[in-house]
Student: 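If you scroll down you'll find the structure; I have some questions about it.
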2 protein chains.
Amino acid sequence: MSGAVTLKHIAERLNLSISTIGRALADDPQISLATRERVKAVAGELGYVAHSGARAMRSGRSTLIGLIIPDIQNEFYGTLAKALAEICANAGFQLVLGITEDDPESEERQVRGLLEARASGLVITASPRPTRETLSLLSRSTCVQLIRRTGQLEVPWFGIDEEAAIHSGTAHLIELGHRRIGYLGASTTLSTGRSRLAGFERAFTEAGLEVPREFVRLGRPRAAFAAEAFESLWTDGERPTAIVAAGARLTVGLLQAATRLGVAIPADLSVVGYGDAPWWNPNLTTISLPVRDIALACGEFLLRRIRETEPSSARSAAGQSVTFASALTPGASTRRV
Amino acid sequence: MSGAVTLKHIAERLNLSISTIGRALADDPQISLATRERVKAVAGELGYVAHSGARAMRSGRSTLIGLIIPDIQNEFYGTLAKALAEICANAGFQLVLGITEDDPESEERQVRGLLEARASGLVITASPRPTRETLSLLSRSTCVQLIRRTGQLEVPWFGIDEEAAIHSGTAHLIELGHRRIGYLGASTTLSTGRSRLAGFERAFTEAGLEVPREFVRLGRPRAAFAAEAFESLWTDGERPTAIVAAGARLTVGLLQAATRLGVAIPADLSVVGYGDAPWWNPNLTTISLPVRDIALACGEFLLRRIRETEPSSARSAAGQSVTFASALTPGASTRRV
DNA sequence: CTTTAACACGCAAACGTTTGCGTCACAAGT
DNA sequence: ACTTGTGACGCAAACGTTTGCGTGTTAAAG
């Protein structure tokens, strides 16, 4: 608080110099063992707590790592955050959380804040259209993209083969005999939205069918959008016999709306979800994503880059990217027609 | 990065002093408007980013606020974190996330880390048995307890009237005619565990019934425990006709296990959940908690305390606490017997 | 023409660490 | 007795800001 204990206080207490105290606490063999122990004893007694800010300023490197994501309420981002927090803690870093709600200005503020804090690294799931300034700031930091991939940002990326993921789910429905298949997806301003829709379309063209565009609904990747979109899909005109939810929050929204409308799954409607939803009853047929593995890989990569960047100056590792595969987990929410 | 732009660089570029640059960027009227604009222009051109660490060291206050919670994967803590992150962002603070997994040593490391970072404030949902050192560190910080309440920690608390919450859910089941009611709860080493169990028991004693202790299962507040406990409850001996899940993660675990075992809800078993689970099918009868409101109130209180603490030295606001009420949300997961 | 005052800016210290180098005392080697 | 060595510690600078105070210039007031 106001009057925290510093090296100086310990030094005065022991009639030693500040540097000796500093070295003693760092277990520098240059200081005699006896002194080291006396120092540590007094430090404990006084309740000394090192000032990582001062240390960071002197040494040039902070122990902060930033995580910038659009949301944190749902399990998908929760799992990402948890995995990264674990990795950070193990490596002696602290995770600073920035929620953007996909708002470019909020995103810019968060990024700026993290750069001001001199975060050693940044993990970001960028908003659809990041500010020029955001991009400029990010390009000057040690940064990794997670899940979404922004073209204008030349930094490594860790994510999912979204196209293959949705393709597998859609193909599964086609194989079960469905033709009027609905699609709830993020708008194509998002890299994930583009890839997923492409996967959906490829499943049809590969089967020699036409893409049922009248059943495709694109919007914000929120539960609210999915609920609303599904409702319109269900009440206006011809109904689909199956739906692909191309996003974790969209899956939630779809299921909520279906429950609310009394739509029986899979009797009235077959559903393929995105991301695991172990809570759904009955078990959901879903596209399983190795969320935790992605986050771990991303975190470890970032830490490696931070350690590399430390001695020499920044090296451009722009092109790198790692793609993870999904798996279709069969459940009871789809049926043959 | 390696060579960040500092006030000094701008000063040299403009043949001005460092202090003038600093004041100009802070819009100090002491500096002429013309100079201020020239400085800002050059700052933008050079890509100057203030060093909040240095600022914090000089001014004594950082822009960091710590959030220490056992988990972040589930929606309950996700909602807390999101609300807090919003409040922090709006007030110009940054949220540092620490996940403890209810491990006292991890918790101590996180708390120490935040004190080292000179976080302006701390929000903590403490583990069952915090370390002595943890308590000592916390007592020296501006800190608020969230949800759980640790007796040894004399700091303000924001949480739920847990006893009343579980009481309402249990009484609801009793009123529906249930007698063999199971209880899945956190162990009573947690303040929440104690209060919730007390609410469960009071519902029976108030109705002149005996507490069905053979159906009570206490353990770690994780989905895994609830699943396991329910399975044993369901397969060993006489079955309960209803269950109260006294925790968000326990609710998830119970529902998963029930789905897995093919237990029909509410035909075979009535269920009262804890915390909203809008995704469950059919709608869950649940104890709704004003999670977001709690977090917002907690965050605003903390910010106020931070601002108060700033000028004078720390004031003890030890005894304060705010209790929020829950509401029983009727759903389709309970039936009369 | 001098005194004052307003204005615009510079100096330097301080925040708490870390670290290269210097210093001092004492013991061992010639 | 004189060098050499070494173990144990102190000095001071640096990291990037902020800020109280001092200083020089210019214009208005006497």
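Please read all numbers here as calculations on a predicted model, not as lab measurements. Residue numbering restarts at 1 for every chain, and letters A, B, ... go by the order of the sequence lines.
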Student: Given D:dT17, C:dG10, C:dT18, which nucleotide is nearest the side-chain atoms of A:L7?
Tutor: C:dT18
Student: Does a side chain donor of either B:R36 or B:S32 reach within less than 3.5 Å of an acceptor in the other side chain?
Tutor: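 Side-chain D/A pair, B:R36 to B:S32: absent.
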Student: Can you tell me if B:S127 and B:E107 form a side-chain donor-acceptor pair at under 3.5 Å?
Tutor: yes
Student: Within this structure, what is the CG-to-P distance between B:L16 and C:dC7, rounded to whole angstrom?
Tutor: 19 Å
Student: Counting side-chain heavy atoms from C-beta on, which of C:dT17, D:dT17, C:dC15 comes nearest to B:R55?
Tutor: D:dT17
Student: From the options B:R129, B:R148, B:R220, select the one residue that forms a salt bridge (charged side-chain N to carboxylate O under 4.0 Å, His left out) with B:D102.
Tutor: B:R148
Student: As a test of reading the structure: which of C:dC9, D:dG16, C:dT17 is closest to the side chain of B:M57, going by heavy atoms?
Tutor: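 From the listed options, D:dG16 comes nearest.
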Student: Take the protein atom NZ of A:K8 and the nucleotide atom P of D:dA12, then report the distance between them rounded to whole Å.
Tutor: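 Computing the A:K8:NZ to D:dA12:P distance gives 14 Å.
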Student: In whole angstrom, give the distance that lies between atom CD1 of A:I18 and atom P of D:dC15.
Tutor: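 The distance from CD1 of A:I18 to P of D:dC15 comes to 18 Å, rounded to the nearest Å.
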Student: Considering only heavy atoms, which members of residues 21-42 of chain B lie under 4.0 Å from some atom of DNA chain C?
Tutor: B:R23, B:Q30, B:I31, B:S32, B:T35
Student: Do side-chain atoms of A:T134 reach the backbone of A:P130 as a donor and acceptor pair under 3.5 angstrom?
Tutor: no
Student: Would you say B:T20 reaches C:dC9's phosphate, i.e. side-chain N/O to OP1/OP2 under 4.0 Å?
Tutor: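 The answer is no; no side-chain N or O of B:T20 sits under 4.0 Å from OP1 or OP2.
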Student: Base, sugar-phosphate, or nothing for A:T6, non-hydrogen atoms under 4.0 angstrom?
Tutor: sugar-phosphate
Student: I need the minimum non-hydrogen distance between B:L190 and B:P221, along with the two atoms involved.
Tutor: CD1-CG, 4.0 Å
Student: Atom CZ of A:R61 and atom C1' of C:dT17: how far apart are they, to the nearest Å?
Tutor: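 These atoms are roughly 13 Å apart.
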Student: CG of A:L14 versus P of D:dA8: gap in Å, rounded?
Tutor: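 In whole Å, D:dA8 P and A:L14 CG are 17 Å from each other.
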Student: Which nucleotide in the list D:dT19, C:dT17, D:dC11 gets nearest to the side chain of A:S19?
Tutor: D:dC11
Student: With no hydrogens and no angle check, just 3.5 Å: does a side-chain donor-acceptor pair link A:S139 and A:S136?
Tutor: no
Student: Could you please name the option among C:dT17, D:dT18, D:dG16 that lies closest to any side-chain atom of A:Y48?
Tutor: C:dT17
Student: Would you compute the distance between atom CZ of A:F301 and atom CD1 of A:I306 and round it to the nearest 0.5 angstrom?
Tutor: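 Rounded to the nearest 0.5 Å, the CZ-CD1 separation comes to 10.5 Å.
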Student: Look at the side chain of A:R58 and the base of C:dT17, then say whether one donor and one acceptor between them are separated by less than 3.5 Å.
Tutor: no
